[in-house]
Amino acid sequence: QVQLVESGGGLVQPGGSLSLSCAASGRIFSINDMGWYRPAPGKQRELVARITSGGSTNYAGSVKGRFTISRDNAKNTVSLQMNSLKFEDTAVYYCNAEVRSYRYTGHNDYWGQGTQVTVSS
């Protein structure tokens, strides 16, 4: 019913920048929070950054000051600008969205397929 498609991953040198984008499509009445996650040791995925429909943001401590999350509610998209990338930022990044498909139903979690970010010299 709902698809999330990410784009923008790739290979970058340490200190470089990349921008990720994620577009939600399908049966969408409204979207609550949107965010980006990546795998972490001992966890399935850890939060990288998250943004509410009102624009409030939350970042992992390891990326605060380097990454910026934004969204376009009209286009159902969320983006992640990643600056000053480090080796340890290498991961598959997954987009997440809490989507309400109909007016009187609750929100369901949806995930993208992931996009690879590799930081290497």
Side-chain angles (χ1 to χ4, degrees):
Q1 285 186 323
V2 176
Q3 298 80 40
L4 300 183
V5 178
E6 300 120 331
S7 60
L11 174 65
V12 64
Q13 292 185 338
S17 298
L18 276 178
S19 182
L20 306 182
S21 294
C22 173
S25 62
R27 178 70 69 177
I28 299 172
F29 176 77
S30 65
I31 301 179
N32 193 16
D33 290 6
M34 302 184 81
W36 293 92
Y37 290 74
R38 64 189 182 190
K43 303 177 183 179
Q44 186 173 8
R45 290 169 188 170
E46 68 172 0
L47 172 70
V48 176
R50 197 158 184 85
I51 185 168
T52 68
S53 57
S56 297
T57 57
N58 184 33
Y59 295 93
S62 60
V63 308
K64 196 171 294 185
R66 299 188 296 122
F67 291 11
T68 302
I69 190 170
S70 61
R71 66 188 282 175
D72 185 329
N73 291 332
K75 296 181 179 179
N76 293 329
T77 60
V78 61
S79 299
L80 185 68
Q81 178 64 40
M82 305 183 292
N83 298 327
S84 303
L85 283 160
K86 304 177 180 179
F87 292 119
E88 52 264 40
D89 293 320
T90 295
V92 177
Y93 285 71
Y94 296 91
C95 175
N96 170 261
E98 297 177 348
V99 179
R100 174 177 289 174
S101 290
Y102 302 92
R103 178 184 293 271
Y104 300 112
T105 61
H107 288 91
N108 291 315
D109 255 351
Y110 292 91
W111 294 89
Q113 79 286 354
T115 185
Q116 177 70 48
V117 171
T118 303
V119 184
S120 176
S121 55

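- When the side chain to side chain contact (heavy atoms under 4.5 Å, CB included) test is applied to Gln3, the partners found at least two apart in sequence or on another chain are Ser25.
- Sorted by first and then second residue, the pairs that involve residues 93-105 and meet salt bridge (Lys or Arg N to Asp or Glu O under 4.0 Å), not counting sequence neighbours, are Arg50-Glu98.
- Taking CZ of Arg71 as the reference point, atom OG of Ser53 lies at 5.5 Å (rounded to 0.5 Å).
- Closest approach of Val63 to Arg38, counting heavy atoms only: CG1-NH2, 3.9 Å.
- With sequence neighbours excluded, the residues satisfying side chain to side chain contact (heavy atoms under 4.5 Å, CB included) with Val92 are Tyr94, Gln116.
- Evaluation of the side chain to side chain contact (heavy atoms under 4.5 Å, CB included) rule for Thr52 yields Asp33, Ser56 as partners, not counting sequence neighbours.
- Using a 4.5 Å heavy-atom threshold, the side chains of Val12 and Val119 count as touching.
- With rounding to the nearest 0.5 angstrom, the CZ atom of Phe67 is 14.0 Å from the OG1 atom of Thr57.
- Here the closest heavy-atom approach between residue Gly9 and residue Leu18 is recorded as C-CD1, 4.5 Å.
- Side-chain atoms of Asn96 and Arg45, non-hydrogen and from C-beta on, never get closer than 4.5 Å to each other.
- At least one side-chain heavy atom of Val2 sits less than 4.5 Å from a side-chain heavy atom of Ile28.
- A ring-ring contact (aromatic ring centres under 6.0 Å, His included) check over residues 5-44, counting only residues at least two apart or in different chains, returns the pairs Tyr37-Trp111.
- Legend: residues meeting salt bridge (charged side-chain N to carboxylate O under 4.0 Å, His left out) with Arg66, ordered by chain and number and at least two apart, are Asp89.
- The list of disulfide bond (SG atoms under 2.5 Å apart) pairs with a residue in residues 26-78, not counting sequence neighbours, is empty.
- Note on Tyr59 and Leu47: separate hydrophobic clusters, where clusters join Ile, Leu, Val, Met, Phe, Trp and Tyr whose side-chain heavy atoms are under 4.5 Å apart, directly or indirectly.
- Side-chain atoms of Glu6 come within 3.5 Å of backbone N or O of Gln113 as a donor-acceptor pair.
- Counting only residues at least two apart or in different chains, salt bridge (Lys or Arg N to Asp or Glu O under 4.0 Å) contacts with residues 106-121 are absent.
- Contacts of Tyr93 classified as ring-ring contact (aromatic ring centres under 6.0 Å, His included), with partners at least two apart in sequence or in another chain: none.
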Return a table of donor-acceptor pairs under 3.5 angstrom between the side chains of residues 77-88 and protein atoms on other chains or two or more places apart.
residue	atom	partner	partner atom	Å
Gln81	NE2	Asn83	OD1	2.9
Asn83	OD1	Ser17	OG	2.9

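- Sorted by first then second residue, the disulfide bond (SG atoms under 2.5 Å apart) pairs that include residues 54-121, not counting sequence neighbours, are Cys22-Cys95.
- Considering only residues two or more places apart in sequence or on other chains, Gln44 meets the side chain to side chain contact (heavy atoms under 4.5 Å, CB included) condition with none of them.
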